[in-house]
J.: 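To start, I am sharing the structure in question, which I have written as structure tokens.
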Amino acid sequence: MKFFCRNKRFYKGNLHTHTRLSDGRKTPDEAVALYKAHGYDFIAITDHRKRFPGCETSDFIVLSGGEYHYQPGLTAYHILGIDLKDDVITDDSTEPQEIIDRVIAAGGFPILAHPSWSLMTPDEALALHGYEAVEIYNGISAAYANRGVSDQFIDICATRDRITGIIADDDAHFYDYDFCRGFIMVQPEAFTTEAIMKAIRERKYYASTGPKMFQLERDDASVIKVDCEEVEEIYFMSNTWFTSTRTVRKPEGGTLTHAEYTPAARDKWVRVEGKAKDGTRFWSNIIEL
Ligand SMILES: [Zn+2]
Ligand SMILES: [Zn+2]
């Protein structure tokens, strides 16, 4: 099975953006202009506890969204609702499961935001249900808190059968370093809100902070194959903690744009990650075996 279509274009998007409507430093129009100028095709505007209605033009799409919080103790639960058809009303006392349920009731796609930054434990996430994706990369957490990557969190959850979508985004507030960092590359059937959301729900995308993926495949013998832009290393992450074939390195004097992995006997899932020379990465979604 091939996960991407060779002759279909990818659309670039950032699903986590704050504007002056909450604590961001740009207006929605300025945010759109900035992302458009940087080659993005869509963003979601996700102000704090405030739904932004989406809008669509022929060359740029703004997805409706909001971010909702519960943070009474050691852990901060931040949940994005994307493609909301109705307002999601919450306050400080609205517990995370209730937030997720209300996002779903409003027609939205719930994403667990920056678990690593928030010091969320996998057990806390596993106690919740209904969220459809997790941020593996959150730009503002990477830029200012050195805790932007939640890869281990996602792997621990997946190993406990919690398979979700994997998102990279900015959480842009438009300070100096928190925008145009993390993004997803989506392959929708058409350039419409509906088609983009369908592709996100069906996980027809990959996440990245730089390098492009071209193809991801699981062949008839279950060998996982990836084609990508040139990177230094490719990793095949899975639930088997020890395997000697996880890391593929660029050969001395050569290039690395393709790698293959034969799953270990105990592997129940595999996800692929690549690291470019400048430290940026791509992350595939999880392939269930
Ligand atoms: Zn947040
Ligand atoms: Zn945020």
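Positions are given from 1, in the same order as the sequence printed here. Nothing here was measured: the structure is a model prediction, and the numbers come from that model. Counting convention: from 1, in listed order, for ligands and their atoms alike.
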J.: Strictly under 2.8 Å, is any N, O or S atom of His18 next to the Zn ion (ligand 2)?
T.: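 His18 does place an N, O or S atom closer than 2.8 Å to the Zn ion (ligand 2).
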
J.: More than 12 foreign heavy atoms under 6.0 Å from CD of Gln152: is that the case here?
T.: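 Check fails, neighbour count at 12 or below.
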
J.: Between His38 and Tyr40, does the ring centroid distance fall short of 6.0 Å?
T.: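 Ring centroids of His38 and Tyr40 are no less than 6.0 Å from each other.
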
J.: What N/O/S atom of Asp171 gets nearest to the Zn ion (ligand 2)?
T.: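 Asp171's closest N, O or S atom to the Zn ion (ligand 2) is named OD1.
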
J.: Would you please indicate yes or no on a ring centroid separation below 6.0 angstrom for Phe4 and Tyr205?
T.: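 Distance test on ring centres: not under 6.0 Å, no.
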
J.: Starting from the Zn ion (ligand 1), look over the N/O/S atoms of His78 and name the nearest one.
T.: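 This turns out to be ND1.
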
J.: I'd like to know if Glu233 pairs up with Arg249 as an ion pair, taking the criterion as any Lys NZ or Arg NE/NH1/NH2 lying under 4.0 Å from an Asp or Glu carboxylate oxygen.
T.: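 Salt bridge present between Glu233 and Arg249.
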
J.: Tell me whether the Zn ion (ligand 1) has His114 as a neighbour, meaning an N, O or S atom of it below 2.8 Å.
T.: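 So His114 counts as coordinating the Zn ion (ligand 1), yes.
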
J.: Do the side chain of Arg203 and the main chain of Ala199 share a donor and acceptor less than 3.5 angstrom apart?
T.: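 No.
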
J.: At the Zn ion (ligand 2), what angle lies between atom OE1 of Glu67 and atom NE2 of His16, rounded to 10 degrees?
T.: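 About 90°, to the nearest ten degrees.
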
